[in-house]
Novice: 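Input: one structure, supplied below.
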Amino acid sequence: MGEERAIRIVDGVVRRPAKPWTATVQGLLAHLHRTGLPVPEPLGFDDDHEFVRLVEGEAGAEDWPHGIGLAGVRSAGSLLRAVHDATAGWRAPAAAVWSVPHAGGGVICHGDPKPANLAWRDGSAVGLFDWDGARPGDRISDVAYALIWFTPFESDPDALRLRGLSIAAEDRRARIAALLDGYGWTGPFDVIEEVLRRREQAIDEVEWLGERGHEPPASWVADNWPTRWRAGLGAMRALAAEVEGWERGNPGRV
């Protein structure tokens, strides 16, 4: 369903399907790469494909062990902060096209900063890739999205075991504190409300993209995943008692 989804890597060059927003994202990546940030170096595009340099490090199915320790969580927060700070100095072209509707904001958000979209080395986040979801936004949007995955806001024991995690209340609080500590977040942060708001937004965006034939959202919509994800929002809210008081927790120094 929808456009070709194949991604190929040859001699360190990633070939991905071109999207309506490819030119905009490649312009953003060019700016970030010039600043020395570990993002894919843009190598151009044609009518069918875009080309970027592979970000070295472990990723995908190999990523979860790196994100288990608090040091890894903290490093992800630090990298996300560096990226946000660098995007604040970039002005999008007037004809910029983004993958999803947005209300604007002070930075360009990555849109999908989960462990699988980070490159890891020796337990630290060393790169951020897959920028299809980028859009202007507020910092808290990306930070809340990252917290969904790094806390994680997941209660299924089998899903947690697959990630190598066994999460107790104090663990969740420490992981929240570690990510925000790494980011350098100051001020209030209503974790549950921000995480739930961002999760609902992510589901809405999947439906928006799926209705327009973009993959993989089109397949997810066809398989009724948005309905299942919305059914899980109650379980996420039920974790409120476990994360309450995270700001008083000790993020640890490991």
Side-chain angles (χ1 to χ4, degrees), residues 58-84 109-118 120 122-126 128 133 137-203 225 228-254:
E58 295 183 74
E62 301 170 326
D63 70 324
W64 286 114
H66 293 286
I68 291 174
L70 295 183
V73 177
R74 191 176 296 108
S75 72
S78 297
L79 178 57
L80 189 57
R81 174 60 181 266
V83 166
H84 283 169
C109 289
H110 176 272
D112 194 11
K114 60 187 177 185
N117 286 335
L118 289 163
W120 298 85
D122 298 326
S124 292
V126 296
L128 182 59
D138 294 322
R139 295 169 184 263
I140 200 169
S141 176
D142 261 358
V143 175
Y145 188 97
L147 284 172
I148 294 171
W149 292 89
F150 280 98
T151 303
F153 278 83
E154 173 63 71
S155 57
D156 179 5
D158 291 333
L160 290 170
R161 276 195 295 270
L162 285 174
R163 304 179 191 183
L165 295 169
S166 178
I167 297 295
E170 60 271 20
D171 297 321
R172 294 188 200 275
R173 289 194 292 270
R175 293 171 71 80
I176 290 169
L179 191 135
L180 295 180
D181 177 58
Y183 189 89
W185 190 272
T186 58
F189 197 117
D190 189 332
V191 171
I192 284 292
E193 292 306 318
E194 293 297 341
V195 162
L196 283 169
R197 182 181 298 113
R198 186 62 183 87
R199 180 60 170 163
E200 290 183 271
Q201 178 187 342
I203 297 170
W225 275 106
R228 297 182 228 181
W229 291 329
R230 284 200 173 89
L233 291 172
M236 291 180 67
R237 182 173 287 281
L239 294 173
E242 291 196 24
V243 305
E244 183 180 4
W246 66 266
E247 68 280 359
R248 297 187 296 274
N250 177 12
R253 299 289 174 186
V254 295

Novice: So, for P113 and F150, which heavy atoms are closest and what is the spacing to 0.1 Å?
Specialist: O-CE1, 4.0 Å
Novice: N117 side chain to D112 main-chain N or O, any donor-acceptor pair under 3.5 Å?
Specialist: yes
Novice: Distance check, rounded to the nearest 0.5 Å: E58 atom CD versus D122 atom CG?
Specialist: 8.5 Å
Novice: Can a donor-acceptor pair be found, under 3.5 Å and without considering hydrogens, that links the side chain of W185 to the backbone of G77?
Specialist: no
Novice: Give the minimum heavy-atom separation between V243 and R172, together with the two atoms involved.
Specialist: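 Smallest interatomic distance, heavy atoms only, reads CG1-CB, 4.1 Å.
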Novice: So, the side chain of D142 versus the backbone of C109: is there a donor-acceptor pair under 3.5 Å, distance only?
Specialist: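 Such a contact is absent between D142 side chain and C109 backbone.
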Novice: Looking at A125, is its backbone amide N or carbonyl O close enough to the side chain of S75 to form a donor-acceptor pair, meaning the two atoms are under 3.5 Å apart?
Specialist: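 Looks like yes, one N/O pair under 3.5 Å.
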Novice: A144 and V195: which non-hydrogen atoms are nearest, and at how many Å?
Specialist: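 So the two residues come closest at O-CG2, 3.8 Å.
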Novice: I'd like to check H110 versus L128 (side-chain heavy atoms, cut-off strictly below 4.5 Å). Are they in contact?
Specialist: yes
Novice: Can you check whether D158's main-chain N or O pairs, donor with acceptor, with D156's side chain at less than 3.5 Å?
Specialist: yes
Novice: R198 and G111: which non-hydrogen atoms are nearest, and at how many Å?
Specialist: NH2-O, 3.1 Å
Novice: Report yes if some heavy atom in the side chain of V143 is under 4.5 Å from a heavy atom in the side chain of F189; otherwise report no.
Specialist: yes
Novice: When Y183 is tested against each of R74, R139, R81 for side-chain hydrogen bond (donor to acceptor under 3.5 Å, both in side chains), which residue passes?
Specialist: R139
Novice: Nearest 0.5 angstrom please: I176 CD1 to I192 CD1, how far?
Specialist: 7.0 Å
Novice: Supply the atom-to-atom distance T151 OG1 to L239 CG, rounded to the nearest 0.5 angstrom.
Specialist: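 It comes to 9.0 Å.
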Novice: How many angstroms lie between CG in L79 and NE2 in H84, if you round to the nearest 0.5 Å?
Specialist: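 Going from CG on L79 over to NE2 on H84, the span is 10.0 Å.
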Novice: For a side-chain contact (heavy atoms from CB on, under 4.5 Å) with R199, tell me which candidate from E194, M236, R230, R237 qualifies.
Specialist: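 Output: one option passes, namely M236.
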Novice: Does the side chain of V191 reach to within under 4.5 Å of the side chain of F153, using non-hydrogen atoms?
Specialist: yes
Novice: Keeping the roles fixed (side chain from R175, backbone from L70), state whether a donor-acceptor pair exists under 3.5 Å.
Specialist: no
Novice: CG/D171 to CD/E242 distance, rounded to the nearest 0.5 angstrom?
Specialist: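 D171 CG to E242 CD: 9.5 Å, rounded to 0.5 Å.
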